[in-house]
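Numbering of ligands and ligand atoms starts at 1, following listing order.
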Amino acid sequence: MEVNRFLSAQHANSDSQYENRLRPQGFDEYIGQKKVVDNIKVMVESANIRNQAMDHCLLSGPPGLGKTSLAMLIAQSLGSELHLISGPAIEKKGDLAAILTNLQPRDVLFIDEIHRMHISVEEILYSAMEDFRLDIVIGQGPSARTMQIDVSPFTLVGATTKSGLLSNPLRTRFMGNLHFDYYEAEDLAKIIKNNASKLEIGMDEVAGDHIARCARGTPRIANRVLRRVRDFALVDGVNEISEEQVHKSLDLMEIDFLGLDRMDRKILQVIEEYYGGGPVGIEALCATLGEDRSTIEDVFEPYLLKEGFLIRTPRGRELSEKGREHIQTSLKNRD
Ligand SMILES: Nc1ncnc2c1ncn2[C@@H]1O[C@H](COP(=O)(O)OP(=O)(O)O)[C@@H](O)[C@H]1O
Ligand SMILES: [Mg+2]
């Protein structure tokens with residue numbers, strides 16, 4: 001499988017090197033997300049039997065849960081090439097048209113953050129997805145005419161942290177709409193164990209389980225903690241990661257025993273201290289936090305809601321009993 005990249009700022013961070021090294025190399029290494037994987041496997045197998053392109057599918061869920069990794073496995077299992085692009089990075093219709101017309105039959109086009117694609121660019125996709133055809137308007141006014149260009153039958157895999165923001169015409173063109181959930185600690189523990197051996201470091205089971213419980217249900221965070229712990233082990237000159245090193249790393253990364261990080265706690269704290277525990281509207285909350293609304297809504301809030309630290313009410317966000325207790329304990333420990 002070859003991978004083509006197109007202007008993807010998101011991938012240019014320091015994590016990406018490790019991310020690629022730790023990516024599952026086959027479905028056997030892709031742990032958890034059973035529903036999603038079962039669906040995808042059937043779609044892939046059917047496409048292989050028909051020797052046609054796989055149906056388009058949309059992968060949605062919070063960052064770091066394995067959407068990009070799954071897209072890579074899809075292309076690999078189809079025996080086709082993967083083209084990775086980031087939705088907001090495509091500025092002109094022509095850029096997307098060029099990418100589409102260069103696809104080979106059965107190729108996979110992965111568009112990350114597809115909900116942030118510019119609407120005029122997005123419109124190009126409609127006929128491409130449905131009829132494998134581009135409708136290009138040439139000229140303006142009365143002399144304008146439409147030209148049609150064929151596109152090879154391809155598979156679009158869209159990834160989004162917010163499927164609710166997808167436009168209707170786009171959403172309805174996806175056959176599969178698959179939602180990723182946060183991982184259970186047992187699944188994370190398996191991923192951590194595999195990745196520790198990829199990083200060629202030993203780890204006792206208790207240490208692995210501990211990372212799994214504090215990784216916010218997210219493999220990407222588990223990998224980050226693992227890297228930090230690995231650094232500690234190297235500096236301490238030992239071959240096997242101990243629970244103590246896990247503790248030290250989590251402390252340094254400001255991750256607490258329930259897996260909440262600094263920003264998670266800050267959200268709970270602001271609601272408690274500025275808004276008497278809520279309810280508070282999302283706009284007001286983000287203004288006080290000085291954070292972008294989509295970051296709060298897509299990255300932080302889903303986990304806090306899922307774990308029951310936060311409750312969503314018609315009048316805004318409110319701390320639960322669990323959230324209030326947790327923030328009071330951590331404020332006490334800080335003093
Ligand atoms: N199901 C999984 N099994 C094993 N490792 C995973 C899985 N999902 C994610 N990972 C790990 O987490 C990292 C981040 O996953 P990625 O696919 O980039 O997430 P997303 O695209 O959803 O943000 C990967 O590099 C991989 O190491
Ligand atoms: Mg990704």
Kindly indicate, with the supporting measurements, whether the criterion side-chain contact (heavy atoms from CB on, under 4.5 Å) is fulfilled by L65 and R220.
-> CA-CA 7 Å; L65 298 192; R220 179 176 290 139; over 6 Å; no
Apply side-chain contact (heavy atoms from CB on, under 4.5 Å) to the pair I271 and L310, showing each step before the final yes or no.
-> CA-CA 10 Å; I271 299 179; L310 209 60; 3.5 Å; yes
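For ligand 1, the polar-atom distance check finds no N/O of N20 at less than 3.5 Å from any of the ligand's N/O atoms.
By heavy-atom distance, the residue among A222, G66, P63 lying nearest atom 9 (C) of ligand 1 is G66. Residue K67 holds the heavy atom nearest to atom 22 (O) of ligand 1 of all those in K67, Q25, K198, R23. Counting only non-hydrogen atoms, the option in G64, P219, G32, A159 that gets closest to atom 10 (N) of ligand 1 is P219.
With a 4.0 Å heavy-atom cut-off, ligand 1 is reached by the side chain of I191 but not by its N, CA, C or O. Of all the heavy atoms of N223, the ones lying under 4.0 Å from any atom of ligand 1 belong exclusively to the side chain.
Not a single salt bridge (charged side-chain N to carboxylate O under 4.0 Å, His left out) links D150 to another residue, sequence neighbours left out.
Listed for the K193 side chain is no donor-acceptor partner under 3.5 Å among the backbone atoms of M203. Listed for the S330 side chain is a donor-acceptor partner under 3.5 Å among the backbone atoms of H326. Although no hydrogens or angles enter the test, the distance criterion places no donor-acceptor pair under 3.5 Å between the side chain of T161 and the main chain of D298.
Not a single N/O/S atom of S69, whether from backbone or side chain, sits less than 2.8 Å from the Mg ion (ligand 2).
The contact set between ligand 1 and S69, taken as ligand atoms under 4.0 Å from a residue heavy atom, comprises 15 (O), 16 (P), 17 (O), 24 (C). The E29 neighbourhood of ligand 1 comprises atoms 3 (N), 4 (C), with distances under 4.0 Å to a heavy atom of that residue. Every atom of ligand 1 is numbered from 1 in the order shown, and the set under 4.0 Å from a heavy atom of L22 is 26 (C), 27 (O). Close approach of ligand 1 to Y183 is summarised as follows: ligand atoms under 4.0 Å from at least one heavy atom of the residue are 1 (N), 2 (C), 7 (C), 8 (N).
Under a 4.0 angstrom heavy-atom cut-off, M72 registers as lying outside contact with ligand 1. The closest approach between P24 and ligand 1 falls below 4.0 Å for a heavy atom of the residue. Using a non-hydrogen distance threshold of 4.0 Å, Q33 does not register as a contact of ligand 1.
Separation of the H83 and F154 ring centroids does not fall under the 6.0 Å cut-off.
The pair K322-E325 does not count as a salt bridge, with every side-chain nitrogen at least 4.0 angstrom from each carboxylate oxygen. Using a 4.0 Å cut-off between a side-chain N of Lys or Arg and a carboxylate O of Asp or Glu, K266 and D264 do not qualify as a salt bridge.
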